[in-house]
Amino acid sequence: MMRAVKNLVASAALLLSVLAPVANAASLVQITENFGPNPTKVGFYIYVPDVLAAKPAILVNPHWCHGTASAAYAGSQYATLAAKYGYIVIYPNSPNTADQCWDLSSSQTLTHNGGGDSQGIVSMVKWTLAKYNADTSRVFVTGVSSGGMMTNVLIGSYPDVFAAGSAWAGVPFGCYAAPGNNSGVYGYWNSQCATGNITHTPAEWKAIVQAAYPGYSGWRPKMQTFHGTSDETVNYVNFGEQVKEWTAVLGLSQTPVSTTLNTPLSGWTKTSYGPNGWFEAYSAAGVTHNIQVQADTVVAFFQLSCSTGCFSWGQGSPSGSAPAVSSLTTSTKLATSSSAVPSTTKISTSAASSTSPAVAITTTPSAIGQSLYGQCGGIGYTGPTACAAAKCSSYNAYYSQCVPTAV
């Protein structure tokens, strides 16, 4: 009898030893303490891996409409990769109970330190930096759908906080702004933007971004954007408008320096702008709004897998010259800083692989015809109607765009 009891105790001890690591494993945690200015009461969730890098990077991952922080955590590979590489992931939760979309329309969210959802998210970043001695120069943001739109907002409103952004199925910064006096207009559904009926010249888009942070002339984050040509919710026109916006903000030509076919998946075309690829655009042929997020591609762009000599805020410049001199230093820049898609589409992250090899094509600017992703037609349009090295495709009565001939 005594031997049986001893065996039972030993078995129980063995079971507890096996379960202990699981019980202590990192998981998604909600932060309920005061973490700084949060005027719209954005929810704060965070994943901190068991083993952190010495000076961890931070990745912000805002969810999609009708999504939650928990869904973003469970539906992507970013936490899994964080456990591998030692970075921290912040998962904001939209306070918009009607549709869980982000505030993309108010003057507050579109203004540096102006309020709105964007300021609440930046407060989470600052709290995390202080709490975990994280790297102020390696803060990144990526999201899909409404989260992709918020990515554009954060890169535009807070260029002094984020080193880079990756937007999936999003829209340009400022495209969702409510018309007229948009102060306090937090949940506006801008159907004109979503359907691709808001277009601007590159100079106009640049002015919209610059107005978010008046007087700022410092370093600008690098950026990449992804969009499906068959997106039924956020019109593909918004892809080209993002190209126009960010190339103008970064002082780059709209003509890509290189084009790579079938990357990271078959049928996807990557165009790089500037001598060091400071801006990248991925056009996914035939892909709908339910675009497959390629987390590995995002992590590589941000260099989150690196441990020494990693890409960081203030490093390099869009023109490929020596590191830009910012009005704010990396160590002090944060201290001086103080509705989208109504869709029930579930956004999934997959690691699907390409069935076709990537083909790199080097392109040079052409003086004949409109550049790739430039406008080539539409009501009221008076510019070039021929494309230099692409085909002119019509997306609605107001907008036609030069797209790769493979699309």
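Values in this document were obtained by computation on a predicted structure and should not be read as measured data.
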Is there a side-chain contact between W189 and Y176 in this structure, where contact means two heavy atoms from C-beta onward sitting under 4.5 Å apart?
yes

Would you check if the side chain of K244 reaches a backbone N or O of H200 as a donor-acceptor pair within less than 3.5 Å?
yes

Looking only at side-chain N and O atoms, does H289 offer a donor or acceptor that is under 3.5 Å from a partner on S145?
yes

Between N152 (side chain) and P172 (backbone), is there a donor-acceptor pair under 3.5 Å?
no

Could you pull out the closest heavy-atom pair between T68 and Q100, with the gap in Å?
CG2-NE2, 4.3 Å

Side chain to side chain donor-acceptor pair (under 3.5 Å) against S183, all qualifying residues, sequence neighbours excluded
Q108

Are any of the side-chain heavy atoms of Y158 and Q119 separated by less than 4.5 Å?
yes

Using distance alone, with no hydrogens and no angle criterion, decide if Y236 and S283 have a side-chain donor and acceptor under 3.5 Å apart.
yes

I'd like to know if the two cysteines, C387 and C392, have SG atoms within less than 2.5 Å.
no

Shortest non-hydrogen contact from A57 to F140?
CB-CE1, 4.3 Å

Hey, is the main chain of A25 close enough, under 3.5 Å, to the side chain of D50 for a donor-acceptor pair?
no

Would you please indicate yes or no on a ring centroid separation below 6.0 angstrom for F279 and Y273?
yes

With sequence neighbours excluded, tell me which residues meet side chain to side chain donor-acceptor pair (under 3.5 Å) with T109.
S118

Is the shortest heavy-atom distance from the side chain of H112 to the side chain of Y216 under 4.5 Å?
no

Check: D103 main-chain N/O paired with D117 side-chain donor or acceptor under 3.5 Å:
yes

Nearest atoms (heavy-atom pairs only) where W205 meets C175
CH2-CB, 3.9 Å

Ignoring hydrogens and angles, tell me if any N or O in the side chain of E33 forms a donor-acceptor pair with the backbone of I31 under 3.5 Å.
no

Provide the closest heavy-atom pair for I291 versus F226 in the form atom of the first, atom of the second, distance.
CD1-CB, 4.2 Å

Any luck finding a side-chain donor-acceptor pair between T195 and N197 under 3.5 Å?
yes

Exercise: identify the closest heavy-atom pair between A79 and Y47:
O-CE2, 3.4 Å

Looking only at side chains, do W168 and S166 share a donor and an acceptor under 3.5 Å apart?
yes

Check: F44 ring centroid to W127 ring centroid under 6.0 Å:
yes

Any I155 side-chain heavy atom under 4.5 Å of F173 side chain:
no

Determine the minimum heavy-atom distance between A163 and W219, stating which atoms define it.
O-CH2, 3.4 Å

Pairwise side-chain contact, W246 with W278, heavy-atom cut-off 4.5 Å (strictly under):
no

Taking Q303 for the side chain and F311 for the main chain, is one N or O donor matched with an acceptor at less than 3.5 Å?
yes

Could you list the residues that satisfy side chain to side chain donor-acceptor pair (under 3.5 Å) with T247, not counting sequence neighbours?
none

